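When a ligand or atom number is given, it counts from 1 through the structure's own listing order. No experiment lies behind these values; they were computed from the predicted model shown.
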Amino acid sequence: MVHSKVVIIGSGPGAHTAAVYLSRAELQPVLYEGMLANGTAAGGQLTTTTDVENFPGFPAGIGGQELMENMRKQSERFGTEIITETISKLDLSSKPFKMWTEWNDAPGSEPARTADAVIIATGANARRLDLPGEEKFWQNGISACAVCDGAVPIFRNKPLYVIGGGDSAAEEAMFLAKYGSSVTVLVRKDKLRASNIMAERLLAHPKCIVRFNTVATEVIGDSKPNGLMSHLRVKSTVDGKEEIVEANGLFYAVGHDPASALVKGQIETDDEGYIVTKPGTSYTSLEGVFACGDVQDKRYRQAITSAGSGCIAALDTEKYLSELHEVPEPAKEKI
Ligand code: FAD
């Protein structure tokens with residue numbers, strides 16, 4: 001069993017920003033990047049996208065994979081130890097905190113590592129619907145993030161669709177209306193779940209149409225490799241009638257699942273499973289445990305906000321560790 005001052009769990013922009021700061025502060029962080037943790041490659045959500053155009057510093061944009069490879073190199077450059085394993089069990093009931101990897105977590109097994117502080121940066125996953133055609137047209141017309149992808153040329157002046165009936169769906173639809181020729185929101189039920197104010201704004205928006213009692217059943221498009229989606233099959237939930245509509249973009253706004261199972265019941269999470277942090281900080285409900293990135297952010301969910309919160313987590317951790325290892329004044333005098 002090995003002991004570290006600080007372990008970072010996760011491998012997205014939050015985790016790597018924390019790693020850069022902590023390694024530059026000579027705290028020898030260890031980062032578990034995961035081995036297809038939650039179904040996503042090490043590097044996190046950005047490894048599943050092509051161009052990232054809104055991360056500052058890259059005027060021509062940068063591929064999501066390349067951006068994450070760069071972050072990983074930067075973490076390593078300052079001495080972060082990166083381990084390509086998934087943390088499957090975490091015991092926060094006593095200090096030092098204990099953790100096990102998925103290869104060795106049988107009951108009674110020794111923990112793989114202990115740590116004085118842990119940063120949870122395990123991210124979140126956008127929910128998918130597993131529609132026929134979804135796999136083929138994912139990122140070729142289908143997206144789970146209007147803010148990230150809405151401005152790309154394939155959506156300009158084209159009919160776009162949003163699936164969902166909550167505040168996110170309303171917000172995404174009105175955002176997309178800046179780019180598309182029209183935005184149709186498909187709502188399974190006969191009413192929106194969105195707050196009154198958002199629902200009113202959406203219904204009054206001149207470029208947004210809300211189709212109640214309607215679901216998407218298939219994504220259709222160019223069958224060539226990397227071909228784009230062009231149509232959507234939709235179905236009425238009332239009479240089962242189907243039709244094919246022209247659609248060049250499909251945005252899912254059906255929620256995210258924060259990857260917080262590791263800490264469930266050990267630190268405070270909200271009713272959707274997001275880790276609760278003290279506003280403006282990375283402090284969780286348990287001293288020595290910090291959180292950053294999408295696992296604690298249900299509002300912004302961007303690479304840059306995750307990176308920013310990773311910086312906050314590193315600085316909060318640094319302060320915590322310096323206080324933990326501070327030699328008390330009387331003892332100092334004796335030395
Ligand atoms: P994540 O990126 O969520 O990564 C966390 C990773 O940690 C996991 O994926 C996994 O690999 C690892 N992990 C999880 N659990 C464990 C464990 N138990 N042990 C070890 N490792 C673990 N944002 C933008 O700003 N611009 C964009 O253009 C943009 N495009 C996007 C396109 C797509 C398709 C998606 C899905 C998201 C996009 N985003 C974009 C959002 C952005 O990717 C996220 O906000 C950001 O990646 C969140 O970072 P994070 O640090 O929370 O970690």
_Arg156: partners by salt bridge (Lys or Arg N to Asp or Glu O under 4.0 Å), with sequence neighbours left out_ = none
*Could you name each residue pair satisfying salt bridge (Lys or Arg N to Asp or Glu O under 4.0 Å) that touches residues 264-276, not counting sequence neighbours?*
Asp270-Lys298, Glu272-Lys298
Would you tabulate the polar-atom pairs, meaning N/O of ligand 1 against N/O of the protein, with distances under 3.5 Å, reported to 0.1 Å?
unit_1   : atom_1 : unit_2 : atom_2 : d
ligand 1 : 2 (O)  : Gln45  : N      : 2.9
ligand 1 : 3 (O)  : Gln45  : NE2    : 2.8
ligand 1 : 7 (O)  : Ser11  : N      : 3.1
ligand 1 : 11 (O) : Ser11  : OG     : 3.3
ligand 1 : 11 (O) : Ala41  : O      : 3.3
ligand 1 : 15 (N) : Asn38  : ND2    : 3.4
ligand 1 : 18 (N) : Ile87  : O      : 2.9
ligand 1 : 19 (N) : Ile87  : N      : 3.0
ligand 1 : 21 (N) : Gly34  : N      : 3.3
ligand 1 : 23 (N) : Ala303 : N      : 3.3
ligand 1 : 25 (O) : Gln302 : OE1    : 3.1
ligand 1 : 25 (O) : Ala303 : N      : 2.8
ligand 1 : 26 (N) : Asn54  : OD1    : 2.8
ligand 1 : 45 (O) : Asp294 : OD1    : 3.2
ligand 1 : 45 (O) : Asp294 : OD2    : 3.0
ligand 1 : 45 (O) : Arg301 : O      : 3.1
ligand 1 : 45 (O) : Gln302 : N      : 3.3
ligand 1 : 45 (O) : Gln302 : O      : 3.4
ligand 1 : 49 (O) : Ser306 : OG     : 3.2
ligand 1 : 51 (O) : Pro13  : N      : 3.4
ligand 1 : 51 (O) : Gly14  : N      : 2.8
ligand 1 : 52 (O) : Asp294 : N      : 2.7

_Euclidean distance, Asp51 CG relative to Cys148 SG, rounded to 0.5 Å_ = 12.5 Å
*Decide, yes or no, whether a salt bridge links Lys73 with Glu69 under the criterion of side-chain N to carboxylate O below 4.0 Å.*
no
*Could you name each residue pair satisfying side chain to side chain donor-acceptor pair (under 3.5 Å) that touches residues 230-254, not counting sequence neighbours?*
Glu134-Tyr252, Arg211-Glu243, Glu218-Arg233, Ser236-Asp239
*Should Arg127 and Asp257 count as an ion pair when the cut-off is N to O under 4.0 Å?*
yes
